[in-house]
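Everything on this sheet refers to the single structure shown next.
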Amino acid sequence: MEQVYAGKSYFSSARIAVIAMFSALAAILYIFNFALPFAFPSFLEFKFSDIPVLIGSFALGPVSAVIIVVSEILIKLVIKGSSTMFVGELSDLITSCAFAVTAGLIYKKHRTLKGALVGMGIGTVIEVAIAILINWLILVPFYLQFFFHGKWEPLISAMTPLFPNCTRETFYNFYLWASVLPFNLLRCVVAILITLPVYKRISILINRFNAKLTPKESENSERTKKINIATICVGIGVIALLLLFALLRVLVFTPAK
């Protein structure tokens, strides 16, 4: 596997265009998540959006992967809002970045198939560990106090269809080690298995796209600089608008309980 993108300006117009495409795809996949009630508690929703984020991290770099994750979450918030007071989205932001950014950083130093495999393997371990910690220290206590007013019954009832012996005393054992761990491991493995065979083909398309948008050496560098600055400003403006719309959706259009 080879590094796809090699431009003089990191945030060139070509790179920003590719980031936008990956962000749009990731947002679509993030919005259309789904539960696997036969294997995991119904509130753990599986999503394929880690795939374009991981490919983007390899092709464009770890910084671009972070931008893709942030953009997909903002787009989702604009379209669907948040049912978790942003805590669920924050968890997705941290875990997705932990996986893809770790893989991208290692691959950036070792641009080989072995480097990609090692990066994805270490990224998986870090992502799963962080997911367990976040659920243990943040998510469960937050849901327990904010949504269920300190009552364990709703959480336990969501676990008992799969784990009939789940009680308040054994909740974390079943939830963290029999649910969160294998669920996030599955997420990463699926992303890896799909990324490996498609990355090379996608990298060829990105290289062709980059070749069309990257000016030749003989072209006016000042004009190129202005185009890149304008593109960056537009990108920042779009992200700012998405953030504004997301906040407005929550603050204005969410009915009071």
Side-chain angles (χ1 to χ4, degrees), residues 17-60 64-101 103-104 120 123-124 127-128 130-131 134-135 139 143 147 158 161-162 179-199 201-202 205-206 235 238-239 241-250 253-255:
V18 177
I19 289 174
M21 288 188 289
F22 278 123
S23 298
L25 176 59
I28 294 172
L29 296 175
Y30 186 51
I31 291 170
F32 292 101
N33 50 22
F34 54 92
L36 300 171
F38 56 88
F40 304 104
S42 58
F43 51 82
L44 292 178
E45 295 186 332
F46 193 86
K47 58 188 178 71
F48 288 103
S49 58
D50 287 332
I51 299 168
V53 176
L54 182 59
I55 294 175
S57 188
F58 284 151
L60 305 170
S64 298
V66 174
I67 296 173
I68 294 170
V69 175
V70 172
S71 299
E72 75 171 72
I73 291 176
L74 288 177
I75 293 172
K76 182 262 182 182
L77 289 174
V78 170
I79 296 175
K80 293 183 65 176
S82 175
S83 60
T84 63
M85 295 298 294
F86 303 110
V87 176
E89 287 77 22
L90 178 61
S91 172
D92 290 335
L93 171 65
I94 295 173
T95 54
S96 293
C97 287
F99 175 48
V101 171
M120 290 185 291
T124 297
E127 194 272 354
V128 171
I130 290 177
I134 288 177
N135 276 273
L139 292 184
Y143 292 146
F147 288 104
L162 290 173
S179 299
V180 173
L181 189 154
F183 177 81
N184 284 275
L185 182 61
L186 177 64
R187 269 180 52 184
C188 294
V189 169
V190 169
I192 292 171
L193 292 178
I194 295 178
T195 297
L196 282 175
V198 305
Y199 173 77
R201 294 181 180 181
I202 292 176
L205 295 176
I206 294 175
V238 170
I239 292 177
L241 283 175
L242 287 174
L243 180 59
L244 176 62
F245 289 147
L247 291 174
L248 286 175
R249 195 185 197 287
V250 173
F253 298 107
T254 301

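Distance check, rounded to the nearest 0.5 Å: CZ of Phe183 to CD of Glu45 gives 8.0 Å. Distance check: Tyr30 OH to Ser23 OG gives 13.5 Å after rounding to the nearest 0.5 Å. To the nearest 0.5 angstrom, Cys97 atom SG is 11.0 Å from Glu127 atom CD. With values rounded to the nearest 0.5 angstrom, Leu181 atom CG is found 11.0 Å from Asn135 atom CG. The distance from the OG1 atom of Thr95 to the CD1 atom of Ile130 is 8.0 Å, given to the nearest 0.5 Å. Here the straight-line distance linking atom OG1 of Thr84 with atom CG of Leu139 works out to 8.0 Å at 0.5 Å rounding.
Side chain of Ser57 to main chain of Ala100: a donor-acceptor pair is present (N/O by atom type, distance under 3.5 Å, no hydrogens or angles). Formation of a donor-acceptor pair under 3.5 Å by the Lys76 side chain with backbone atoms of Gly81 is found in this model. With Thr124 contributing its side chain and Met120 its backbone, the two residues share a donor-acceptor pair below 3.5 Å.
Listed here is the closest heavy atom pair of Asp50 and Ser96: OD1-OG, 3.0 Å. Residues Leu193 and Pro197 come closest through the heavy atom pair O-CD, 2.9 Å. What you find for Ser64 and Ile19 is that their closest heavy atoms are OG-CD1, 3.5 Å. Between Val128 and Leu185, the shortest heavy-atom distance links the atoms CG2-N, 3.8 Å. Pairing each heavy atom of Ala103 with each of Phe58, the nearest pair is O-CE2, 3.6 Å.
For the pair Leu186/Phe40, a side-chain contact is recorded, criterion being any heavy-atom separation below 4.5 Å from C-beta on. Residues Asn184 and Phe99 fail the side-chain proximity criterion, which asks for heavy atoms closer than 4.5 Å. Pro41 is listed as a side-chain neighbour of Leu162, based on a closest heavy-atom distance under 4.5 Å. Put simply, the side chain of Phe22 does not reach to within 4.5 Å of the side chain of Ile67, judged on heavy atoms. Side-chain atoms of Glu72 and Ile31, non-hydrogen and from C-beta on, never get closer than 4.5 Å to each other. Residues Ile134 and Val180 are not in side-chain contact: their nearest non-hydrogen atoms beyond the backbone lie 4.5 Å or more apart. Taking the side chain as every heavy atom from C-beta outward, Leu29 and Lys47 never approach each other to under 4.5 Å.
Looking only at atom types and distance, the side chain of Ser82 has a donor-acceptor partner in the side chain of Glu89 under 3.5 Å away.
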**Message:** Between Leu36 and Leu44, does the side chain to side chain contact (heavy atoms under 4.5 Å, CB included) criterion hold? Intermediate values first, please.
**Reply:** CA-CA 8 Å; Leu36 300 171; Leu44 292 178; over 6 Å; no

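Annotation: ring-ring contact (aromatic ring centres under 6.0 Å, His included) contacts of Phe34 (sequence neighbours excluded): Phe46, Phe48.
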